[in-house]
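All chains are named by letter (A, B, ...) in the order of the sequence lines, taking the proteins before the strands, and each is independently numbered beginning at 1.
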2 protein chains.
Amino acid sequence: MSHRSIKERMLSAIRPTHGDPPPARWQQRKSAQTRQRLVDGGVQCLIQRGYAGLTTAAVAELCEVSRGAMHHHFATRLELVGAVIEHVLYQRMHRFLEDYFTALKRRGEELLVEIACESHWQSVQTNEYAAYLELTLAARTDVELAELFNPASRRYDQIWIGEMIEAFPQWKAHWDNLKLANDVTLALHMGMLLHRPVFGEGERMAQLQQVATRIVQSLYDAP
Amino acid sequence: MSHRSIKERMLSAIRPTHGDPPPARWQQRKSAQTRQRLVDGGVQCLIQRGYAGLTTAAVAELCEVSRGAMHHHFATRLELVGAVIEHVLYQRMHRFLEDYFTALKRRGEELLVEIACESHWQSVQTNEYAAYLELTLAARTDVELAELFNPASRRYDQIWIGEMIEAFPQWKAHWDNLKLANDVTLALHMGMLLHRPVFGEGERMAQLQQVATRIVQSLYDAP
DNA sequence: GCTTTTACCGGCAGTCGTGCCTGTTTTATG
DNA sequence: CATAAAACAGGCACGACTGCCGGTAAAAGC
């Protein structure tokens, strides 16, 4: 299976399911466009001001949309949050796959482990991931959000795991190692990101990234 | 240097600096007591409802203290937050050292690496750490908090690094490895904790903890 | 062409958190 | 005992956010 089709399949599995039929009418097109603007605005708020700052008023102002229109598209704050969650999860996967396959094509498959680790560390430092992180963190103390986000997050994980073997056929022999390497990378990179204010961005962080790569490599080489 | 004195020195370096002179008068004692109750209440709020839920009203109600008394001890919300930060950092170190030295004494020094990794993973799952985590996360998007918390957090890191070599004299030969092992553990455990809603608490997490220990052990054995 | 639907507007009441302020009680001081 | 200084109580005004509702203009349906 080609890179392109793997990527497409993974993305379509996580794609937001709002207006699947392509909007034919003018009005619907404009509506969908406004809706998307609002979701993007929600993501922006999330990144810049955190989940607590993701407020209907702030989003409306940021998007230059009236509060009435806001309410028309998303009757309640949580409804907007739901759309933001879907969008963020989609964007996160999109961003990683984009980077990963581009780098893979450019640098060659023999550097697979190194490229995967680097791409993931890069993807963790994007705005898309910042939004995802913010939701993860807020869901720890906000039960309403948790009920909405955690199932979505687990579903993301399941899709990811399920498709990973397609993207990394080299690992087929030691499937458990791949899963473990994945989990280590996810956890370690999130921890590294959150420790940035303490660790800084210099040598200390570079060494950690080196360790991350070494672990994955050893799991790749091991039986 | 004995375990006890190392522990005392580390703790005194991070101890909250409010009423250093021991309160002699009745009134001052009661005042300090109420203040401490409020700080504890703030930590509770932080754990249960997140940083956004750490509100003066909530703390006052939780502690059964009037809003007036609240204002008397902490004129502004941020003032309370400052006290909470100091207390949380102190408690975090206290909790880890308590667990670590207890386990070390009980199970013997030859299991040092294993004990240290386990103790840290345990310490990460406590309420004290949950409060620390909540502050770390909130500081990402709240500039006011960041200005207060990040310096304190860095100071904690410096004290920790500086004293670590006293607590682990076996590592003196490869000081860099100790620091790296420490950083890996910090980052990985935080990431693991945050991935708990996705990873669950079963085999998947246990394997990660095993990897963490293995990394530290290999850094310990390596030159 | 007329009606219905749809997208959008702006205001209103209710809730909550904050900071401040004026009293009241209790303890220390001379 | 008088006075000052604390610890503490509770009310008030302000601002922010939420959810909802009546109204308008444009597009869709018949």
Looking only at side-chain N and O atoms, does T34(A) come under 4.0 Å of OP1 or OP2 in dC8(C)? yes

How many whole angstroms separate atom CG of L78(A) from atom P of dC17(D)? 17 Å

Between dG19(C), dC8(C), dA9(D), which nucleotide gets closest to the side-chain atoms of T76(B)? dG19(C)

Can you work out whether A57(A) or G68(A) has the more 5'-proximal nearest nucleotide on DNA chain D? A57(A)

M70(A) has an atom CE; how far is it from atom P of dC20(D), in whole Å? 14 Å

Can you confirm whether or not the ring centre of Y129(B) sits under 6.0 Å from the ring centre of W121(B)? no

Rounded to whole angstrom units, what separation is found between the CD atom of E79(A) and the P atom of dC20(D)? 10 Å

Figure out the CZ/C1' separation between R35(B) and dA6(D), and round it to whole Å. 16 Å

Closer than 4.0 Å, any side-chain N/O of H71(B) to the OP1 or OP2 of dG10(D)? no

With a 3.5 Å cut-off and no angle check, do the side chains of H87(B) and Q36(B) form a donor-acceptor pair? yes

Between the side chains of H94(A) and E128(A), is a donor N or O closer than 3.5 angstrom to an acceptor N or O? no

Quick one, I85(A) with L145(A), criterion side chain to side chain contact (heavy atoms under 4.5 Å, CB included). Give me CA distance, side-chain angles, the key distance, then yes/no. CA-CA 10 Å; I85(A) 288 175; L145(A) 176 61; 4.0 Å; yes

To the nearest angstrom, the CD-P distance between E144(B) and dG19(C) comes to 9 Å

Output the single nucleotide from dG19(C), dA7(C), dC8(D) whose closest atom is nearest the side chain of H72(A). dA7(C)

Measure the distance from CZ on F74(B) to C1' on dC20(C) and round it to the nearest whole Å. 18 Å

Protein-nucleotide distance (R37(A), atom CZ; dA7(C), atom C1'), rounded to Å: 13 Å

Identify whether NZ of Lys or CZ of Arg in R77(A) sits under 6.0 Å from the centre of the six-membered ring of Y51(A) and within 45° of that ring's axis. yes

Rounded distance (Å) that lies between atom P of dG17(C) and atom CG of L80(B): 14 Å

Would you mind telling me which of dG19(D), dT18(C), dC20(C) lies closest to the side-chain atoms of T56(B)? dT18(C)

By nearest atom, which of the nucleotides dC9(C), dC8(D), dG17(C) is closest to the V65(A) side chain? dC9(C)

So which nucleotide from dG19(C), dG11(C), dC9(C) ends up closest to the side chain of R67(A)? dG11(C)

Closest to side chain of R77(B), choosing from dA9(D), dG19(D), dT18(C): dT18(C)

Please confirm whether the shortest side-chain N or O distance from T55(B) to OP1 or OP2 of dC16(C) is below 4.0 Å. no

